[in-house]
Amino acid sequence: MGTRGRAIVGLPIETLLTELNKAFADEWLAYYQYWLGAKVAKGPMKEAVIAELTQHALDELRHAEMVAQRILQLGGTPVTSPAEWFTVTHCGYDAPTDPYVRVLVEQNITGEQCAISVYKSILELTLGKDEVTYNMALQILSDEVEHEEDLQALAEDLELMLSRA
Ligand code: FE
Ligand code: FE
Ligand code: MG
């Protein structure tokens, strides 16, 4: 990273890199959870659920790219082995072992709620100290808020359909 770009970061770079690598692992795990969920999904409104999960998978992969880029700019190294994702993750991985749409949607809502907390805390950590990371976290947080909303709307539609069936 450029020397001036690094000098203006007003908190320990190592602290920031630790948090960013946790978020990076979270994004890959979220990507895979959505990607596989979209492959296995079964049940009512399957097409709508698959479309949403597929779109979210792509967003999480894009987030992984954004976070990796910032880690590299700061002179860090994105987690190099997938095995490490499980040791550094904040939000973990909830395997889509039950393919029923309602279960998949609920698992992913929980994941999004964790992601919202993660980016909220990165915003608090970087406020007034690292505007570039702050801006990135704000963009990602906006997506995660939208993801939660989309999934909760789907869950509501599923409930309505099942309760009137
Ligand atoms: Fe994400
Ligand atoms: Fe998300
Ligand atoms: Mg969506």
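Order of appearance sets the numbers: ligands from 1, and atoms from 1 within every ligand.
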Checklist entry - Is the shortest heavy-atom distance from the side chain of Asp130 to the side chain of Ile8 under 4.5 Å? => result no

Checklist entry - Which of the N/O/S atoms in Glu60 sits closest to the Fe ion (ligand 2)? => result OE2

Item to check | Angular separation of His147 ND1 and Glu112 OE1 about the Fe ion (ligand 2), given to 10° | outcome: 100°

Checklist entry - Are Leu154 and Met45 side-chain neighbours, meaning at least one heavy-atom pair lies under 4.5 Å? => result yes

Checklist entry - Quick one: do the Glu60 and His56 side chains pair a donor with an acceptor below 3.5 Å? => result no

Item to check | Angle in degrees, rounded to 10°, that OD2 of Asp150 and NE2 of His56 form at the Mg ion (ligand 3) | outcome: 100°

Checklist outcome for this item: Distance col, row Glu146:CD vs Glu112:CD, nearest 0.5 angstrom, shows 10.0 Å

Checklist entry - Can you name the N, O or S atom of His63 that is closest to the Fe ion (ligand 1)? => result ND1

Next on the checklist: Distance check, rounded to the nearest 0.5 Å: Leu11 atom CG versus Leu125 atom CG?
Outcome noted: 5.0 Å

Next on the checklist: Among the N/O/S atoms of Glu52, which is closest to the Mg ion (ligand 3)? Give the atom name.
Outcome noted: OE2

Next on the checklist: With a cut-off of 2.8 Å, does Glu144 put an N/O/S atom close enough to the Fe ion (ligand 1)?
Outcome noted: yes

Checklist entry - What N, O or S atom of Glu27 is found closest to the Fe ion (ligand 1)? => result OE1

Next on the checklist: Just to verify, which of Asp143, Ile140, Leu61 counts as forming a side-chain contact (heavy atoms from CB on, under 4.5 Å) with Met66?
Outcome noted: Ile140

